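So the structure is just underneath, and the comments pick up after that.
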2 protein chains.
Amino acid sequence: MSDDARAWQLVLRSVEADLLSGALSPGDHLPGERALAAELGVGRSSVREALRVLEVLGLVRTATGSGPSSGAIIVSTPRGGMSALLRLQVAASGFDVSDIVDTRLVLETAVAATLAEALADSSDDVDTVALSESDALLNAMDDPALTPAEFLALDARFHLSLAEAAGNQVIVATMAGLRDSIEGYAVAGVPTLSSWSDTAARLAKEHRGILDAIRAGDGAAARSAVHGHIAGYYAEIGLGSAPTPANPAPAPAPAPAPTEGPIA
Amino acid sequence: MSDDARAWQLVLRSVEADLLSGALSPGDHLPGERALAAELGVGRSSVREALRVLEVLGLVRTATGSGPSSGAIIVSTPRGGMSALLRLQVAASGFDVSDIVDTRLVLETAVAATLAEALADSSDDVDTVALSESDALLNAMDDPALTPAEFLALDARFHLSLAEAAGNQVIVATMAGLRDSIEGYAVAGVPTLSSWSDTAARLAKEHRGILDAIRAGDGAAARSAVHGHIAGYYAEIGLGSAPTPANPAPAPAPAPAPTEGPIA
DNA sequence: GCTACGCTGTGGTCTGACCACAGTGGTCTG
DNA sequence: CAGACCACTGTGGTCAGACCACAGCGTAGC
């Protein structure tokens, strides 16, 4: 009966069931591939195909050798899987870059507003502490010796630090994946800028504006600052969302070729 | 040098590179597994592990037999991959159900607001037509003979139809995945309701309220209606987000308008 | 007591084999 | 000649067995 399911799906379902039943938890070791194969009555290659899927999805980490750190261990690193999924879908034309950017806008404006409102409600120590990482990243970004790629990497981490402070892991992972999936485009667009140092300075200023609005507890201002920041950069490198309704798009975008193969 | 990468990752990267270079597009056939293995200098099992990943991620569809419909074909069905990723992460405790619900709130309120504002700007025929599916689903949900599971399935499709009308495929796929990942919880919570028929009637009424607000071009009302609808149901079945989340204020707060995530 | 070596078990990979399946094209039959 | 039928071929799906590299553990040797 269950034979109509493919062998590797059987393995996948078995692991999922063990996860749901509590038989497996993060940190636990999966049985060895050979043992799992025998236990489920499938070949080792089928087990491996399922493990590969789990690995890409960020559910297990595998290591060779022996000892406690070897084997397949249940972990929970959704960011990697989210990045891979979004990146490949973009590559396969399943997702438009403009849709990715728009989704970032939705999520990040919500994060900023939430953070601002949370701070406005009560001066919560936790949030304040959480934002200290954002401050540190901001300071690191002031270094004029940074290359554009380095700056943009810190930029991404800054945005992520806000999401982490907001506390929603799903949004953190999604934002990370969205950003990673178009990182190539963000970096590729740098040469089209008239002056990178000017742009970097503007971005840094906008970051501080975002943080100020959040700390001031002004949700609307935070939302607006984030929107302008993200939409502004992508518009500047010629990747702004086409229709863009209410968007204070700053600089005119002279960028010609929006479609350039990012990094593989 | 590239030997440190695992064989299946090499295959994955090769396919991704072909996708980005345009050598592969949706609808194209991948070379056969044996040919791909020979071409890349790896074993067939490694090719299969990579294909398995691509399949789960919704990038390829495989079929046995011969002829034009057989083999591995590039497709673009991100929803399946998103569902699998989110569902398994929930199973592995990587994501809290409350974070999933909160993320739905962020995305769906943004969708509703975008839709309303798009209709307010101009009576666009396209959007009107797109919402016809939403209407049809609404009517289908009026059937009192529906089981809770059937009703909830139509409910999910209704929400998805709004996202599709808004036009952002990333949000459509993410919403579908988020919803699927907690479908079990939504259905499992039904028995805890005092009266399913009352709840179903209320949900149907709320759906019409959402659609009315969208058609009226009232973004704030649409946002509020969606928020109340989703948060209300999960609160009713005991899954409400504990510390009330992150999203724009429901009714009162005239959520500042300048910055709303454009979805189109 | 300490070091160093080999043993053992892990995942990683490859090879070759077999199966089920679905078109294809030829053959056989009317 | 037209139609139905069937073996052929190539595809993915699966399995079994064989190595390899690696990392820890235990023991033999110093």
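Every chain is numbered from 1 and lettered A, B, ... according to where its sequence line falls, protein lines coming before strand lines. Everything quoted here is computed from the prediction, not taken from an experiment.
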May I ask you to decide if B:Arg79's main-chain N or O and B:Ser83's side chain share a donor-acceptor pair within less than 3.5 Å? yes
Protein-nucleotide distance (B:Arg61, atom CZ; D:dT11, atom P), rounded to Å: 16 Å
Could you provide the dot-bracket string of DNA chain D, using ( ) for intrastrand pairs, [ ] for crossing pairs and | for bases paired to another strand, with Watson-Crick or G-U pairs below 3.5 Å? ||||||||||||||||||||||||||||||
Is any NZ, NE, NH1 or NH2 atom of the basic residue among A:Arg87 and B:Glu16 found under 4.0 Å from an Asp or Glu carboxylate oxygen of the other? yes
Let me see the working for A:Leu137 and A:Glu133 under side-chain contact (heavy atoms from CB on, under 4.5 Å), right down to the final yes or no. CA-CA 6 Å; A:Leu137 288 167; A:Glu133 188 193 343; 4.1 Å; yes
Hey, which of these two, A:Arg34 or A:Trp8, hits DNA chain D nearer its 5' end, going by closest nucleotide? A:Trp8
Mind listing the N/O atom pairs, protein and nucleotides 3-10 of chain D, below 3.5 Å?
{"from": "D:dG10", "atom 1": "N2", "to": "B:Gly65", "atom 2": "O", "distance (Å)": "3.3"}

Non-hydrogen atoms of A:Leu160 and A:Val172 that approach each other most closely: CD1-O, 3.8 Å
Nearest whole Å is fine: how far is C:dG12 P from A:Leu36 CG? 13 Å
Contact check, residues 69-79 of chain A vs DNA chain D, heavy-atom distance under 4.0 Å, returns A:Ser69
Distance check, rounded to the nearest 0.5 Å: A:Ile100 atom CD1 versus A:Leu105 atom CG? 12.0 Å
Where along residues 39-60 of chain A does a heavy atom fall under 4.0 Å from DNA chain C? A:Arg44, A:Arg48, A:Arg52
Quick one: pull up OG in B:Ser134 and CG in B:Leu162 and give me the separation to the nearest 0.5 Å. 4.5 Å
From B:Gln89 CD over to A:Gln169 CD, what is the distance, rounded to the nearest 0.5 angstrom? 10.5 Å
In whole Å, I'd like the distance from the CD atom of B:Glu33 to the P atom of D:dT14. 10 Å
Rounded to the nearest 0.5 Å, what separates atom CZ in B:Phe95 from atom OG in A:Ser76? 7.0 Å
Parallel, tilted or perpendicular, judged at 30° and 60°: which one describes the rings of A:Phe151 and A:Trp196? perpendicular
Exercise answer: donor-acceptor pairs, residues 58-68 of chain B side-chain atoms, under 3.5 Å, sequence neighbours excluded:
none

Which pairs, with at least one residue in residues 39-50 of chain A and sequence neighbours excluded, count as a side chain to side chain donor-acceptor pair (under 3.5 Å)? A:Glu33-A:Arg44, A:Glu33-A:Arg48, A:Arg48-B:Glu49, A:Glu49-B:Arg48, A:Glu49-B:Arg52
From A:Leu86 atom CG to A:Ile182 atom CD1, the distance as rounded to the nearest 0.5 Å: 10.0 Å
To the nearest 0.5 Å, how far apart are CG in A:Asn168 and CE in A:Met175? 10.5 Å
Selected nucleotide, minimal atom distance to B:Pro68 side chain, candidates C:dG11, C:dT24, C:dT13: C:dT24
Counting any heavy atom closer than 4.0 Å, what does A:Ala63 reach on the DNA or RNA strands: base, sugar-phosphate only, or nothing? sugar-phosphate
